[in-house]
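Accompanying notes for the structure given below.
We count ligands from 1, going down the list as the structure has it; atoms in each ligand are counted the same way. Remember, it's a predicted structure, so these values are computed and weren't measured experimentally.
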Amino acid sequence: MHVIDSHTGGMPTRVILDGGPDLGSGPQEFRARKLATEYEAFYKSVLLEPRGQPGMVAALLVDPVDPSCETGVIFFDVDAVLGMCGHGTIGLGVTLAHLGRIGTGSHKIETPVGVVTIDVLDPNTVRVINVESRRVQIAVTLETKNYGTVTGDVAYGGNWFFIVEPSPIPVVSDNIRQMTDMAIEIREACVAQRIGGENQESVDHVIFQGTSPNAGVHSRNFVLCPDDQYDRSPCGTGSSARLACLAAAGRLAPGDEILQESVIGSPYRLSYQPGSNGGVTPSLTGQAYVMAEGKLIFDDHDPFRSGIYS
Ligand code: PYC
């Protein structure tokens, strides 16, 4: 199994070029469901330690249904198959450019939630035009066990988000452990109280939206991912959901650009255009760097070939 590892603002992506399971040739949504339900051991083995690392997202390349797309891709972390992944798409764009498969310019990528466009601006900088994103609930109140009442918006950006603004604690790296614990409780409360998408989709990510000490930066976020890790990047799908909330609240005009930072300070440039179904079409620009090229080996004699389960 050939892989290329990159990071986008510190958040790792492992692109799987070949050697993944045969998921058939149906719509990407069906293939993603097949991966989630029939190949859990495979996707965990790619990302669990010692082969993988905490927070890492994999991008399994598959043939696109639409031949005008450069590739199909299914993203997953160690605990879930994702609808979309913004940092992973930036990492994928940089990886495909590194391989010489694409050059600067515009390319279409097919994901389980729809076709996204990438603009490769230079070998390390990619703009993603994401799927239409929307705010679906405003100022929802939920009860948590240890943190009392929490209020936030529910929004879609390719994955499902509960967005708390302002963050209950400063969004700084010293608070990552505390924010992680709090966000896990909030996600559990969302599921228990059936707070999610219009069709009962579960909230799978939680965002705390805070301020940045850096001049010119609009905001800084902490994002909890399904694997209980925080996003080292500003989270592309989370930033898309956030743009939908800013637009719906009249706080950001179409075309206006803002700079958003992750909790470790890595930046994305964000803007949107009105979507065709009442939401927004987000644009996010970030940088990724290739770190390693390799071949994953699954040795039958290796007691940890499937990863370390804890
Ligand atoms: O960038 O959309 C994103 C993302 C989702 C999970 C981790 N990163």
Fill in the blank from the handout: Taking only non-hydrogen atoms of T237 and a 4.0 Å limit, the atoms of ligand 1 in range are 2 (O), 3 (C), 5 (C)
Practice task
Starting from atom 3 (C) of ligand 1, locate the nearest protein heavy atom and write down its residue, its atom name and how far away it is, to 0.1 Å.
Solution key: G86 N, 3.1 Å
Exercise for the section: Please write down residue, atom name and distance for the protein heavy atom closest to atom 7 (C) of ligand 1. Expected result: D231 OD2, 3.4 Å
Handout entry: N/O separation below 3.5 Å, H205 to ligand 1
Key = no
Exercise for the section: Can you sort out which atoms of ligand 1 are near G236, meaning under 4.0 Å from one of its heavy atoms? Expected result: 1 (O), 2 (O), 3 (C)
Handout entry: L82 with Y39, same ILVMFWY side-chain cluster at under 4.5 Å
Key = no
Practice task
Indicate whether any N or O donor in one side chain lies under 3.5 Å from an N or O acceptor in the other, for H205 and T237.
Solution key: no
Exercise for the section: State the atoms of ligand 1, each with its element, that fall below the 4.0 Å cut-off from a heavy-atom position in C225. Expected result: 6 (C), 7 (C)
Handout entry: Whether over 12 other heavy atoms sit under 6.0 Å from F30 CZ
Key = no
Exercise for the section: Examine the side chains of H218 and E261 and answer whether a donor and an acceptor come within less than 3.5 Å of each other. Expected result: no
Problem - Under 3.5 Å side-chain donor-acceptor pair for Q273 and T281 - result: no
Exercise for the section: Check the hydrophobic clustering (I, L, V, M, F, W, Y; side-chain heavy atoms under 4.5 Å; chains of links allowed) and say if M84 and V206 are grouped together. Expected result: yes
Practice task
Using distance alone, determine whether H87 and ligand 1 share an N or O pair under 3.5 Å.
Solution key: yes
